[in-house]
Amino acid sequence: MNKLSITHNDGIATVMINNPPVNVLTIDLINEVNALVLSLKDDRDTKVVVFKSCHEAFFLAHLDLNVINGTQGGQAASIEFNHMIANIKAMKQISVAVVDGVARGGGNEFVMACDLAYATENAAFAQPEVHVNIPTGGQGAVQFARRMGKNKALQALLLGNDFTAQQAETLNIITQFVPKAEMESFLTQVLGVISQLEIRDIVMYKEIIAASITDEQAGAELELRYFLERAKENKTQAIIGAFLKHGGQTEREAKDMPGIFADTATELGK
Amino acid sequence: MNKLSITHNDGIATVMINNPPVNVLTIDLINEVNALVLSLKDDRDTKVVVFKSCHEAFFLAHLDLNVINGTQGGQAASIEFNHMIANIKAMKQISVAVVDGVARGGGNEFVMACDLAYATENAAFAQPEVHVNIPTGGQGAVQFARRMGKNKALQALLLGNDFTAQQAETLNIITQFVPKAEMESFLTQVLGVISQLEIRDIVMYKEIIAASITDEQAGAELELRYFLERAKENKTQAIIGAFLKHGGQTEREAKDMPGIFADTATELGK
Amino acid sequence: MNKLSITHNDGIATVMINNPPVNVLTIDLINEVNALVLSLKDDRDTKVVVFKSCHEAFFLAHLDLNVINGTQGGQAASIEFNHMIANIKAMKQISVAVVDGVARGGGNEFVMACDLAYATENAAFAQPEVHVNIPTGGQGAVQFARRMGKNKALQALLLGNDFTAQQAETLNIITQFVPKAEMESFLTQVLGVISQLEIRDIVMYKEIIAASITDEQAGAELELRYFLERAKENKTQAIIGAFLKHGGQTEREAKDMPGIFADTATELGK
């Protein structure tokens, strides 16, 4: 890979995006992302994939304007970009966009394709495509509609204006605004928890959530089925035993739930 | 009932939950809640059912960990818990959770099963089940997905972290944060209004809302059918007559709508 | 038209509503709105339709109480009101409610039927119908359910209380709170952008949004189809060419995207 440099550490893959001059989503970059996602398909050790940018001002600029045309190559590249969005959404792992710069058009669609997105005071999000005579092409309008409702989505898509990270959090474009000075410790804490899970835990909740959004009753049935199966496991019994031994179901839960979980982990690690 | 003490007053049933030491959802408590809900099935005088805790620090701790296993009894109790959630959701009355302590796991699922939920600065909400190797089992993941969207739900379910009442309001886990010092007067005001309605008013709006969330057009048709039927009633004509007599459709509506409704009620009470 | 005065200016139709004494939705006013919407059906020059009130305190009071009854005329008028809501929602143009006063009942339903709604510190929104023994009749409950979720909708419909513009923005009743002192410049800016689009741009995004809310996958497919078609157009190539010439895909995008768009427009206008 030329434009992505990937480091693995304790269940977390960190992907640095470097496509000068401004991290445009060129077909080369798109192909590398697709290859990366494919390589993770059967990887059960990697739980979290974090995307960051090497560029100071841009997370991802947008889809390469040179492929937005009627040529066979342009149309194929546009479809490949669209598939990349679908591929990211279908990952087993938790995908995380850490946004400290501009993410417009395809860049913002990349952010919304990730499971989690954290952004700083330097971030800007927008879908300004209509001013180039096209609609969004990587589910930008789809996601805006589903995340902020018809009216706010229509305004955002017709104006194409930038949103700050705080606005983006309120509108559900991203998961959370995190000040840049706090980002690394925030990521250490949050991703540290998630990377200790099994990949099947992540897949389970992704499935339940997807089912629930489409059909509340179907989601509830899937959730209960998983619950009853998982309750039977020895692992569950071991955790519950240790949890109860260290103050589960007592007053300690009110003020020190993290302490009970820590003692439970220590007990099980013996 | 051993664990629930119920008082009735002017259309409002207040249910105090008392299951020492920390209000765990044991099978006994679950059975009492199910019996209560069943007893209200044909009760048209009770409009509102308010759930409060006798415990200073806990609203409801969570489902009894001793039933989360592969035994026949454990699986049956877990299913009974799941039914309790469905039963609360299917009530004719308005169910209200007043949360002044911890509500995690099944406790938080109980809160979300209620129609309305008000919580104080002492409240904490979480679905930490994944750290016990299980998913939520009472629609916790289902409700998180539908209320806060895929991304924020995924974060909350994988971290299992606590939310304050203010955060819970923003994320639609509860209806509203209410400071503890104001809770009683708030409840008197809000529940005073709702308890004056007919039970069929409550059922009507629950039906329209449920239909609308599944299918906007179906909701709109159901709403119009109710509207045209209700418009014909003598009760409607009596209220409209008194309302118009006391300043309805005049400037008084701008600044004193509550006054018009009060005068209307007085007129009709003559 | 007697109750509506309409002025056209550069793609924007401004509709002043004047139905003394308090802008009640009488059958005459309803008929005029329906006639207006019908007249715009094939109008591709008008992109934006802005509704404002001539009354200082009322945007629209509510549906005329004199038609809410079991008479043939009353039922027909109620149905006509319901159709008016559906007609506004089906407009090709962007409909905008500018609310500087009271909008309750049918008045609030009118606001929610519009694509965009901006409101000032003088605005008040409510659906108090249940206290007149009827449900909402113009999708008030439908829209509340879909915009704020089951729980907050139920509270709002059973209480019938007023919401401020800030609350209404948070609850998705309106698009945005705008202080009265800033409203005119805000509208000039926002509607200035939208009115420069083609009517087919607006229709395209309305279609993608509607499809996406019902079915995420269907929305994504429709979006991609539009994207690939639009990418082929000469207009797209001309804009992209000028955009790239003036700093598109360079560092300039980070800090001066509006400047690139402005230079692009100037280039194309030569």
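Just so we're on the same page: letters track the sequence lines, and every chain starts at 1. None of the values given here were measured: they were computed from a predicted structure.
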Check: Can you tell me how far the CD atom of B:Glu233 sits from the CD1 atom of C:Ile134, to the nearest 0.5 Å?
Finding: 10.5 Å

Next item on the list: Quick one: closest heavy-atom pair of C:Phe58 and B:Thr250, and the distance?
Entry: CZ-O, 3.8 Å

Margin query: For B:Glu216, is there an ion pair with C:Lys89 - N to carboxylate O distance below 4.0 angstrom?
Written below: yes

Checklist line | Most chain C-contacting option - heavy-atom pairs closer than 4.5 Å, from B:Asp115, B:Leu116, B:Ile174 | finding: B:Asp115

Margin query: Only pairs of heavy atoms separated by less than 4.5 Å count here; which of B:Ile194, B:Leu222, B:Ile208 has the most with chain C?
Written below: B:Ile194

Next item on the list: With rounding to the nearest 0.5 Å, note down the distance linking CG in C:Leu157 to CD1 in B:Ile202.
Entry: 12.0 Å

Next item on the list: Determine, stepwise, if the pair C:Glu56 / B:Glu251 fulfils side chain to side chain contact (heavy atoms under 4.5 Å, CB included).
Entry: CA-CA 10 Å; C:Glu56 198 186 359; B:Glu251 300 278 346; over 6 Å; no

Notebook entry, point to check: By number, which residues in residues 147-156 of chain C have some heavy atom less than 4.5 Å away from chain B?
Noted result: C:Met148, C:Lys150, C:Asn151, C:Lys152, C:Ala153, C:Leu154, C:Gln155

Next item on the list: Sort and list the pairs that fulfil salt bridge (charged side-chain N to carboxylate O under 4.0 Å, His left out) and have at least one residue in residues 90-112 of chain B, not counting sequence neighbours.
Entry: B:Asp100-B:Lys180, B:Arg104-B:Asp162

Checklist line | Residue pairs fulfilling salt bridge (charged side-chain N to carboxylate O under 4.0 Å, His left out) with at least one residue in residues 166-175 of chain C, sequence neighbours excluded | finding: none

Item checked: CZ-OG1 distance between C:Arg146 and B:Thr214, expressed to the nearest 0.5 angstrom -> 8.5 Å

Next item on the list: Nearest 0.5 Å please: distance from the CG atom of B:Leu224 over to the CD1 atom of C:Ile85.
Entry: 11.5 Å

Item checked: Approximate separation, where rounding is to 0.5 Å, of C:Leu25 CG and B:Gln249 CD -> 10.0 Å

Item checked: Under 4.5 Å from any heavy atom of chain B - which part of C:Val142 -> both

Notebook entry, point to check: Can you say whether B:Leu244 sits under 4.5 Å from chain C via the side chain, the backbone, both, or neither, judging by heavy atoms?
Noted result: side chain

Notebook entry, point to check: Hey, does the side chain of C:Gln75 reach the backbone of B:Leu228 with a donor-acceptor pair shorter than 3.5 angstrom?
Noted result: yes

Item checked: Portion of B:Arg200 that has a non-hydrogen atom of chain C nearer than 4.5 angstrom -> side chain

Notebook entry, point to check: Taking all non-hydrogen atoms of both residues, which atom of B:Glu223 and which atom of C:Ala141 are closest, and how far apart?
Noted result: OE2-N, 3.0 Å

Check: Can you tell me if C:Asn69 and B:Gln237 form a side-chain donor-acceptor pair at under 3.5 Å?
Finding: no

Next item on the list: Identify which part of B:Gln189 has an atom lying under 4.5 Å from any heavy atom of chain C, answering side chain, backbone, both or neither.
Entry: neither

Notebook entry, point to check: Hey, what do you get for CG (C:Leu158) to CG (B:Leu197), rounding to the nearest 0.5 Å?
Noted result: 6.0 Å

Checklist line | Positions in residues 256-265 of chain B that reach chain C, provided some heavy atom is under 4.5 Å away | finding: B:Met257, B:Phe261

Next item on the list: Scan B:Asp201, B:Val193, B:Ile239 and name whichever one has a side chain to side chain contact (heavy atoms under 4.5 Å, CB included) with C:His131.
Entry: B:Val193

Checklist line | C:Leu63, part contacting chain B, at a heavy-atom distance under 4.5 Å | finding: both

Check: Do other residues, nucleotides or ligands put more than 12 heavy atoms under 6.0 Å from B:Lys255 NZ?
Finding: no

Check: Relative to chain B, which segment of C:Val102 carries a heavy atom at a distance below 4.5 Å: side chain, backbone, both, or neither?
Finding: side chain

Notebook entry, point to check: Looking at C:Thr170, C:Ile213, C:Thr136, which makes the most heavy-atom pairs under 4.5 Å with chain B?
Noted result: C:Thr136

Check: Looking only at heavy atoms, what is the nearest atom pair of B:Tyr226 and C:Pro135, with distance?
Finding: CB-CG, 3.8 Å

